Amino acid sequence: MSFQVYDTTLRDGAQREGISYSVVDKLAVARLLDDFGVGFIEGGWPGAMPKDTEFFRRARTELQLRHAVLVAFGATRKAGVAVAADPQVRALLDAETPAVCLVAKSDIRHVERALRTTGEENLAMVADTVAHFVAEGRRVFLDCEHFFDGYRYDPTYTAAVVGAALEAGAEVVVMCDTNGGMLPSRVTATIGELVDRLGVTPDRLGIHCQNDTSCAVANTVAAVEAGVRHFQCTANGYGERPGNADLFAVVANLQLKLGLPVLPDGCLEQMVRVSHAIAEIANIAPETHQAYVGAAAFAHKAGLHASAIKVDPVLYNHVDPSVVGNDMRILVTEMAGRASIELKSRELGLDLAGHPEALSRVTKRVKELEAGGWSFEAADASFELLVRSELPDAALPLPFALESYRVLVEHREDGAVVSEATVKIRVRGERVIATAEGNGPINALDEALRVGLARHYPQLRDFELADYKVRILEGSHGTGAVTRVLVETAGSGGRDWTTVGVHPNVVEASWHALVDALTYGLAPQPAQL
Ligand SMILES: CC(=O)SCCNC(=O)CCNC(=O)[C@H](O)C(C)(C)COP(=O)(O)OP(=O)(O)OC[C@H]1O[C@@H](n2cnc3c(N)ncnc32)[C@H](O)[C@@H]1OP(=O)(O)O
Ligand SMILES: CC(=O)C(=O)O
């Protein structure tokens, strides 16, 4: 039996606090998951929520899946109700999917206290419902809720639920760590015991792990190592409480670490794109530090790392980032050594290797500035200006010389607050005085500078201040607090760049970042050089 990569982003993933997909969102997520090559997409619980019923209705005509089989989720029949008479069962059939996944109680304590029925009736509920769907021509998966906790408390009963489902025709019975409290060693041991007890092969079993011990990925991998072939995960680990096993980490671990062919060829490289696209649809910022797919998953900050990476990137990367569609980055911070600065400069197209003295000067300057509150990690453009200023023939000229600037903030009698800035500058030999208003002092300063430069640099029209971040940094070593400003500027053609400024005065810190932004933006682009 080949592997069954079973995705439940649209069912369990939607149980995460803060997520509320529309039907259109669900269709879009399903298409992305199919691109990624998963084998099964659990689309939701038809009959429980109108949105999920509607999703399955539209999926019939609007989803053309290349890799995945669509699965509808539901529960076993109600206690004491004939399966054909149960409206939830009817709704699940009406979803018209080739496969269904039924959730069943498998911990006797839940059967007696939550379902308020007997162990025997629960076994009948499982067998009847599985047999009903099999008779209707559906592939049936059965999720055993609280499998591991139940097995620990009463292994005979929990194993009987698994046995009843298999006997009734379930293709795979899924062992769920519903409360997410397991550790890998316990998962491995329990699977071994169950297989011996029932005499089944582990490929009839599946795994579904919640992440309450932060072990969902490890538990899933452990189950696969124990012989399980069906594993349930969610994109980015979304799910109830802390979430589920992260599909991307599980798949990458199985494929890259254990050499198991879980995805079709060519799909693994889609990982970063699919992960981030689903995060956008879920309206959750992609997690920078997420394994494999995060923007920082292959970002190196420490100087010692960079010095070895300079020799060979393999020395400090556990896999080649491009295999999962990611990139390696070198971060320039106070932890940088000469190698970090050299590699980062190379990334920016500047060769410091042939200029060892300049390299030392930049390294020293970065450390001094970072100690004073500057941060180049997110401000590549300011870093590039710093490197260029130390390289013969590469320095970028300032587009103007400052005589002075002044900013006023006026609170008027009617409550209006107006900011006004005046800059006095010299541009290409001409003295210019320009004034502008803005919705705040920094906006006014930015506008005044643009007015002053507009005649000489008409391309400034293409730049806009896209983001502005301010952080007050605690003073250290007896100094007062300083303000760090990061300015993100957007240019034409999707080009954007970030600059930094630091000063005890927020306006002056912003001024530094604005001047760097304009200097960098007005520099000829590589193609023009
Ligand atoms: C572990 C998991 O995450 S499984 C997925 C859980 N997902 C969800 O619950 C999200 C969708 N759920 C819903 O929209 C609603 O809970 C519904 C429509 C399913 C049910 O709503 P209601 O009929 O109002 O019931 P309610 O939610 O209060 O309680 C659940 C009922 O299902 C019963 N039930 C629970 N598990 C099962 C099961 N495996 N088989 C049969 N019945 C079950 C409970 O005993 C309870 O029955 P009762 O109403 O007779 O007391
Ligand atoms: C079925 C499921 O989501 C669970 O048991 O966690």
Side-chain angles (χ1 to χ4, degrees), residues 6-17 19-21 40 42-55 71-83 85-92 95 100-119 121-130 132-133 140-151 158 161-162 164-165 170 172-182 187 206-213 216 219-220 223 230-234 237-245:
Y6 184 107
D7 181 274
T8 175
T9 303
L10 294 174
R11 198 277 298 168
D12 201 326
Q15 289 173 221
R16 171 178 159 134
E17 183 176 14
I19 288 187
S20 176
Y21 295 117
F40 297 87
E42 190 174 85
W45 188 334
M49 286 155 274
K51 221 160 45 180
D52 283 11
T53 307
E54 174 69 1
F55 166 78
V71 185
F73 181 88
T76 51
R77 71 163 170 79
K78 284 268 174 146
V81 175
V83 68
D86 189 316
Q88 290 284 348
V89 169
R90 181 74 251 162
L92 197 50
V100 297
C101 182
L102 303 168
V103 62
K105 299 287 186 203
S106 68
D107 179 335
I108 189 66
R109 294 165 297 184
H110 279 263
V111 173
E112 290 172 355
R113 295 174 64 193
L115 283 186
R116 295 179 306 280
T117 190
T118 62
E121 169 63 354
N122 182 54
L123 290 174
M125 287 156 66
V126 167
D128 290 355
T129 320
V130 170
H132 183 71
F133 282 98
V140 179
F141 303 112
L142 186 106
D143 277 1
C144 280
E145 240 193 305
H146 300 103
F147 168 84
F148 291 95
D149 300 317
Y151 191 88
T158 298
V161 174
V162 176
V172 168
V173 175
V174 183
M175 300 167 289
C176 297
D177 181 17
T178 307
N179 292 358
M182 288 299 117
V187 168
I207 187 78
H208 172 119
C209 296
Q210 300 296 139
N211 199 29
D212 301 67
T213 53
N219 288 341
T220 307
H230 170 116
F231 49 92
Q232 302 194 345
C233 305
T234 62
Y238 299 154
E240 187 92 31
R241 306 186 308 280
N244 216 291

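Just follow the structure's listing: the first ligand is 1, and inside any ligand the first atom is 1. Because the structure is a prediction, the values reported are computed rather than measured.
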Within 4.0 Å of [atom] (strictly less), any protein heavy atom?
atom                    : value
atom 48 (P) of ligand 1 : yes
atom 25 (O) of ligand 1 : no
atom 34 (N) of ligand 1 : yes
atom 16 (O) of ligand 1 : no
atom 31 (C) of ligand 1 : yes

[X] side-chain N/O to [Y] backbone N/O, donor-acceptor pair under 3.5 Å:
X      : Y      : result
Thr213 : Met182 : yes
Arg16  : Ala14  : no
Thr53  : Gly47  : yes
Thr158 : Gly150 : yes
Gln210 : Gly243 : yes

Report yes if some heavy atom in the side chain of [X] is under 4.5 Å from a heavy atom in the side chain of [Y]; otherwise report no.
X      : Y      : result
Gln232 : Asp143 : yes
Val71  : Arg11  : no
Asp177 : Val187 : no
Cys101 : Tyr6   : yes

Would one find an N or O of Glu145, backbone or side chain, under 3.5 Å from an N or O of ligand 1? no

What do you reckon, does Lys78 have a nitrogen or oxygen under 3.5 Å from a nitrogen or oxygen of ligand 1? yes

Side chain, backbone, both or neither: which applies to [X] and ligand 2 if a contact is any heavy-atom pair less than 4.0 Å apart?
X      : answer
His146 : neither
Arg11  : side chain
Asp12  : side chain

Under 4.0 Å to a heavy atom of [X] - the qualifying atoms of ligand 1, by number:
X      : value
Phe73  : 4 (S), 5 (C)
Arg77  : 41 (C)
Ala75  : 38 (C), 40 (N)
Ala104 : 39 (N)

Return yes if a side-chain donor-acceptor contact under 3.5 Å exists between His208 and Asp12, otherwise no. yes

State yes or no: are the ring centers of Phe55 and Tyr21 separated by less than 6.0 Å? no

Closest protein heavy atom to [atom], given as residue, atom name and distance to 0.1 Å:
atom                    : value
atom 1 (C) of ligand 2  : Asp143 OD2, 3.4 Å
atom 20 (C) of ligand 1 : Gln88 NE2, 4.7 Å
atom 41 (C) of ligand 1 : Thr76 O, 3.1 Å
atom 3 (O) of ligand 1  : Gln15 NE2, 3.1 Å
atom 2 (C) of ligand 1  : Arg11 NH1, 3.9 Å
atom 51 (O) of ligand 1 : Arg116 NH2, 3.0 Å
atom 36 (N) of ligand 1 : Lys105 CE, 3.5 Å
atom 9 (O) of ligand 1  : Trp45 CZ3, 4.0 Å
atom 2 (C) of ligand 2  : His208 NE2, 3.4 Å

Closest to atom 45 (O) of ligand 1 among Val103, Leu102, Leu115 (heavy-atom distance): Leu115

One should read off an interatomic distance between Asp128 CG and Leu123 CG, to the nearest 0.5 angstrom, of 10.5 Å

Identify, by atom number and element, the atoms of ligand 2 in contact range of Thr178, meaning under 4.0 Å from any of its heavy atoms. 4 (C), 5 (O), 6 (O)

Could you see which bit of Ala48 sits under 4.0 Å from ligand 1, with heavy atoms only: side chain, backbone, both or neither? both

Classify the contact between Ala114 and ligand 1 as side chain, backbone, both or neither, using a heavy-atom distance cut-off of under 4.0 Å. backbone

Take Val161 and Asn122 through the test side-chain contact (heavy atoms from CB on, under 4.5 Å) and record every step on the way to the result. CA-CA 8 Å; Val161 174; Asn122 182 54; 4.1 Å; yes

Is ligand 2 less than 4.0 angstrom away from at least one heavy atom of Glu240? no

Any Lys/Arg nitrogen of Arg77 or Glu121 sitting under 4.0 Å from an Asp/Glu carboxylate oxygen of the other? yes

Do any heavy atoms of Glu240 fall under 4.0 Å from ligand 1? no

Please find the pair of heavy atoms, one from Thr178 and one from Arg241, that lie closest to each other, and give the distance. O-NH2, 2.8 Å

I would like to know whether Phe133 and Val89 meet side-chain contact (heavy atoms from CB on, under 4.5 Å); could you show each step before the answer? CA-CA 9 Å; Phe133 282 98; Val89 169; 3.8 Å; yes

Show your working on side-chain contact (heavy atoms from CB on, under 4.5 Å) between Met125 and Leu115 and close with a plain yes or no. CA-CA 11 Å; Met125 287 156 66; Leu115 283 186; 3.8 Å; yes

